Trainee: 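First, the structure itself, so that you have it in front of you.
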Amino acid sequence: MREIDVGEITRAVRDLCIETNIIADEEVLKAFRCALKSETSPVAKEVIKTLLENARIAKEENMPICQDTGMAIVFLDIGQDVHIIGGDLESAVNEGVRQGYKDGYLRKSVVKHPVARGNTGDNTPAVIHTRIVAGDKVKVTVAPKGFGSENMSFVKMLKPTEGYKGIKDFVLESVKKAGGNPCPPIVVGMGVGGTFEKAALMAKESLLRPLGESSKKEDFAKLERELLDEINQTGIGPQGLGGRTTALAVHINDYPTHIAGMPVAVNICCHAYRHGVRVI
Amino acid sequence: MAAIEVTTPLTDSMVGKLKAGDSVLITGIIYTARDAAHKRLMDSLSKGEKLPVELKGQIFYYAGPAPAPPGKPIGSVGPTTSYRMDSFAPKTMELGLKGMIGKGPRSKEVVDAMKKHGVVYFAAVGGAGALLAKCVKKARVVAYDDLGAEAITELTVEKFPAIVAIDCKGNDLYQR
């Protein structure tokens, strides 16, 4: 049994909250540079140039790329041969969020009651997803998620016979409904199969992939490519102001499901595609 | 695209000249106000109380800034999604608000009110918070301090870049 002190987890969460919010994803910046070549609309070009310049300034001035530094979503893959010592795990994660959002001058965007509201003042609590896996390590993933794009999330329980076309129609309808709201260029995360909550979680987890890495399954990889193509033909464009670059990637995670259904979840991410990993 | 220089407070003749698609650089005072601040303003109005800011000729920036790091007037401060303020916006225009800065499309009711009251809606680039913060020279909370990032903050901006997304005639870049 390997012992890991909760303090190490706090430190990892703290550092990841700060880094992911300040340093723009390199793959996203590459995609922006490509988009500059393919865009013909002057407004679209201007928006992409502004975003590239923003990423440079954020890094240089040590400021978050976006003021919506998100609700902290923390994934913990805990090896079954690990014994966590020195305190309780959930408090340790929240302490990391508290320190990261304070020390990084990140925005505190969490309210303590969904209806009565009231800012908690330190961006806690985090949304924590834990999984017990083989091995003796702990993998900490932090993915701060802004709510401009989180609000543009959809789940639909499709009929089992609707096939790839049913999925496509639902996703395109969702992206069109979202339009310029989620800060395009977007990354479209999808979960197909499982149950209601499993589909939603898979959609979120698909947003942890390196940008544009395709599904390992041939049919879903094809669906990702086709959807990306069709989404970019909608004309929504950067910031919804028109253009060819509406999405940078479509990611699909899948899981077996029940004979009576085919759950599909869509979780849109803005161009601030933020996630970071530490293995302890 | 040559940008048009816009100074605040806005006048009818200035607003009238701005057309959807124009690039602008805004200089002067603007006020941040987002969800919770709008709700409080409306609650105040329904109780017949005086508002903490005079809206006549002013611009509301739908934004909640990140905290100011040492030596800077403000942290990252990009726009938030505007549709969430749609149900409140017509009332603010009725009270004299002349401009809104945000991101994303607006409802028909908002566009109708913009035409009626001669109001312009600017889109700033969502997610460009660090770049936009450089245009803010001074920041001062003027109301609802307890709301944290959602307080109403008076920003003194210099050449703040935006695009006219919907003009006062109702021409709308989001409707293509």
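Just so you know, these numbers come straight off a predicted model, no measurement behind them. Sequence lines set the chain letters: A, B, ... in the order given, protein chains first and strands last, and positions in each chain run from 1.
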Trainee: Give me the atom names and distance for the closest heavy-atom approach of B/Ala66 to A/Tyr105.
Mentor: CB-O, 3.9 Å
Trainee: Would the distance check show the side chain of A/Gln67 and the main-chain N or O of B/Gly78 forming a donor-acceptor pair, the cut-off being under 3.5 Å?
Mentor: yes
Trainee: Given the options A/Gly179, A/Gly146, A/Gly240, which has more heavy-atom pairs under 4.5 Å with chain B than any of the others?
Mentor: A/Gly240
Trainee: With only heavy atoms counted, which part of A/Cys270 is less than 4.5 Å from chain B, the side chain, the backbone, both or neither?
Mentor: neither
Trainee: With a 4.5 angstrom heavy-atom cut-off, is it the side chain or the backbone of A/Ala58 that approaches chain B, or both, or neither?
Mentor: both
Trainee: Using a 3.5 Å distance criterion without hydrogens, assess whether the side chain of A/Asn119 forms a donor-acceptor pair with backbone atoms of B/Gly148.
Mentor: no
Trainee: For A/Lys45, does the NZ atom sit with more than 12 other heavy atoms under 6.0 Å from it, leaving out its own atoms?
Mentor: yes
Trainee: Tell me, side chain or backbone of B/Pro79 under 4.5 Å from chain A's heavy atoms, or both, or neither?
Mentor: backbone
Trainee: Which bit of B/Val125 comes within less than 4.5 Å of chain A, counting heavy atoms only: side chain, backbone, both or neither?
Mentor: both
Trainee: Please look at B/Ala124 and chain A and tell me whether the side chain, the backbone, both or neither of the residue comes under 4.5 angstrom of a heavy atom of that chain.
Mentor: backbone
Trainee: Flag the one option from A/Gly148, A/Gly242, A/Ala272 with the top tally of heavy-atom pairs under 4.5 Å to chain B.
Mentor: A/Gly242
Trainee: Please flag which part of A/Ile22 lies under 4.5 Å from any non-hydrogen atom of chain B: side chain, backbone, both or neither.
Mentor: neither
Trainee: Could you check whether any side-chain N or O of A/Gln239 sits under 3.5 Å from a backbone N or O of B/Gly126, counting only pairs where one atom can act as donor and the other as acceptor?
Mentor: yes
Trainee: Given 3.5 Å as the limit, does a donor-acceptor pair link the side chain of B/Ser76 with the main chain of A/Pro64, or not?
Mentor: yes
Trainee: For atom CD of A/Glu150, decide whether the heavy atoms of other residues, nucleotides or ligands shown that lie under 6.0 angstrom number more than 12.
Mentor: yes
Trainee: Using a 6.0 Å cut-off, check whether atom NZ of B/Lys137 has over 12 heavy atoms from anything other than its own residue.
Mentor: yes
Trainee: Check whether A/Asn181 gets within reach of chain B through its side chain, its backbone, both or neither, counting any heavy atom under 4.5 Å.
Mentor: both
Trainee: Given heavy-atom pairs under 4.5 angstrom as the criterion, report whether the side chain, backbone, both or neither of B/Ala36 touches chain A.
Mentor: neither
Trainee: If we only count heavy atoms from C-beta on, is the A/Leu241 to B/Ile163 side-chain gap below 4.5 Å?
Mentor: yes
Trainee: Contact part of A/Thr50 toward chain B, heavy-atom cut-off under 4.5 Å: side chain, backbone, both or neither?
Mentor: both
Trainee: In Å, rounded to the nearest 0.5 Å, how long is the span from NZ of B/Lys72 to CE of A/Met63?
Mentor: 6.0 Å
Trainee: With a 4.5 angstrom heavy-atom cut-off, is it the side chain or the backbone of A/Asn151 that approaches chain B, or both, or neither?
Mentor: side chain
Trainee: For chain A, which candidate among B/Gly104, B/Gly129, B/Pro69, B/Gly127 shows the most heavy-atom pairs at distances under 4.5 Å?
Mentor: B/Gly127
Trainee: Atom CG of residue position B/Asp145 - does it have more than 12 heavy atoms of other residues, nucleotides or ligands inside 6.0 Å?
Mentor: no
Trainee: Is the side chain of A/Arg107 donor-acceptor paired with the backbone N or O of B/Gly64 at a distance under 3.5 Å, no angle test?
Mentor: yes
Trainee: Drop me the distance from A/Leu51's CG to B/Leu131's CG, to the nearest 0.5 angstrom.
Mentor: 9.0 Å
